[in-house]
Amino acid sequence: MPALNDVIAALDALWPPERAEQWDAVGTVCGDPGAEVTRVLFAVDPVREVADEAVELGADLLITHHPLYLRGTTTVAASTFKGRVVHTLIKNDIALHVAHTNADTADPGVSDALAGALDLRIVGPLVPDATDPEGRRGLGRVCELDHPETLREFAERAAARLPATAQGIRAAGDPDRAIRRVAVSGGSGDSLFDAVRAAGVDAFLTADLRHHPSSEAREHSDLALLDAAHWATEWPWTEQAAAQLDEISDRHGWDLRTHVSRIVTDPWTAHAAAPAVRASAPSLSV
């Protein structure tokens, strides 16, 4: 079986930490480099419930997309919820490794997994990485549908194929608008509207769309918007990442066991639909 530093070296080859944004906090949070790794759990969020799942599973390594300490800290006291996660992991000899923005722009990366979950054909990155001569890495993906769908149908596709959350899928635009070309970006994406408009797509699916950027984007053009839960747009990456580690394990003869957490860590737990929309608005319910 491999040591933790062997597995981390393989993960760093998939998602080089130097490709993370400067503000990001990626890499190994805790863990003994020489400890043996036999079982790995992938998840989006390093929250207490996921740490407890890693303990119950007997995992030696927890790999998450979101950092535990994004802005640094002066304490890991167990009286804080993040400190409790650290204590739980260390007491049970579980390492924690984070791949965040370095996984967003990877090839394949978070948005590749999102496009795959939606069964979209990828054309290329939305914001290409200038250091990639092959033009495959970068933030977000520009995709095409095999056959045109209305916005209503595409929203229904997203609702059916992404993990279920209380939010579901919100859409902005004419429900009968034909959708052929789509931009997708896992996680918060409303900083990408300039790139989305330049890509000439019919629709943009992402998460955490705020009122003012979305309103301004709709005023610029008839671009359709689809807003999913942040966690739901990034969870498909955990399955993709587990498959990547499985392939590495097979190649090296490591016999690792990988698992994907299916705990819904999206913070929203309930949704109450409005009883009616105003008369001038087309009806779209997903």
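Everything quoted here is computed from the prediction, not taken from an experiment.
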- [ ] Would you please say whether a donor-acceptor pair under 3.5 Å links the side chains of Glu234 and His66?
- [x]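 A pair is found: one side chain offers a donor N or O, the other an acceptor, under 3.5 Å apart.
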TODO: Compute whether any side-chain donor of one residue and acceptor of the other, for Thr101 and Asp24, lie under 3.5 angstrom apart.
DONE: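 The criterion, which ignores hydrogens and geometry beyond distance, is satisfied for Asp24 and Thr101.
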Given 3.5 Å as the limit, does a donor-acceptor pair link the side chain of [X] with the main chain of [Y], or not?
| X | Y | answer |
| --- | --- | --- |
| Asn5 | Gly34 | no |
| Thr64 | Ala99 | no |
| Asp190 | Leu209 | no |
| Gln167 | His271 | no |

Would you say [X] and [Y] make side-chain contact, with heavy atoms under 4.5 Å?
| X | Y | answer |
| --- | --- | --- |
| Asp266 | Trp235 | no |
| Leu256 | Pro2 | yes |
| Pro108 | Gln244 | yes |
| Val182 | Val201 | no |
| Arg137 | Pro125 | no |
| Ser111 | Leu139 | no |
| Asp119 | Arg157 | yes |
| Thr206 | Phe193 | no |

Task: Stepwise salt bridge (Lys or Arg N to Asp or Glu O under 4.0 Å) check, Arg262 with Glu239 - done: CA-CA 10 Å; Arg262 283 168 169 74; Glu239 289 195 321; 2.7 Å; yes
Check the surroundings of atom [atom1] in [X]: do more than 12 heavy atoms from other residues, nucleotides or ligands lie under 6.0 Å from it?
| X | atom1 | result |
| --- | --- | --- |
| Glu18 | CD | yes |
| Arg257 | CZ | no |
| Arg71 | CZ | no |
| Arg136 | CZ | no |
| Glu49 | CD | no |

Open item on the list: Please say yes or no: joined through hydrophobic side-chain contacts below 4.5 Å, possibly via intermediate residues, are Leu14 and Val26 part of one cluster?
Closed with: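 Result: no, two separate clusters.
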Open item on the list: Applying side chain to side chain contact (heavy atoms under 4.5 Å, CB included) to Tyr69 and Val85, what does each step give before you reach the verdict?
Closed with: CA-CA 11 Å; Tyr69 290 106; Val85 169; over 6 Å; no
- [ ] Please name the residue in the list Val40, Leu4, Val29, Leu61 that meets the side chain to side chain contact (heavy atoms under 4.5 Å, CB included) test with His97.
- [x]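 Of Val40, Leu4, Val29, Leu61, side chain to side chain contact (heavy atoms under 4.5 Å, CB included) with His97 is met by Leu61 alone.
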TODO: Please state whether the rings of His100 and Trp23 are parallel, tilted or perpendicular, taking 30° and 60° as the class boundaries.
DONE: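 Judged by the thresholds at 30° and 60°, the geometry between His100 and Trp23 is perpendicular.
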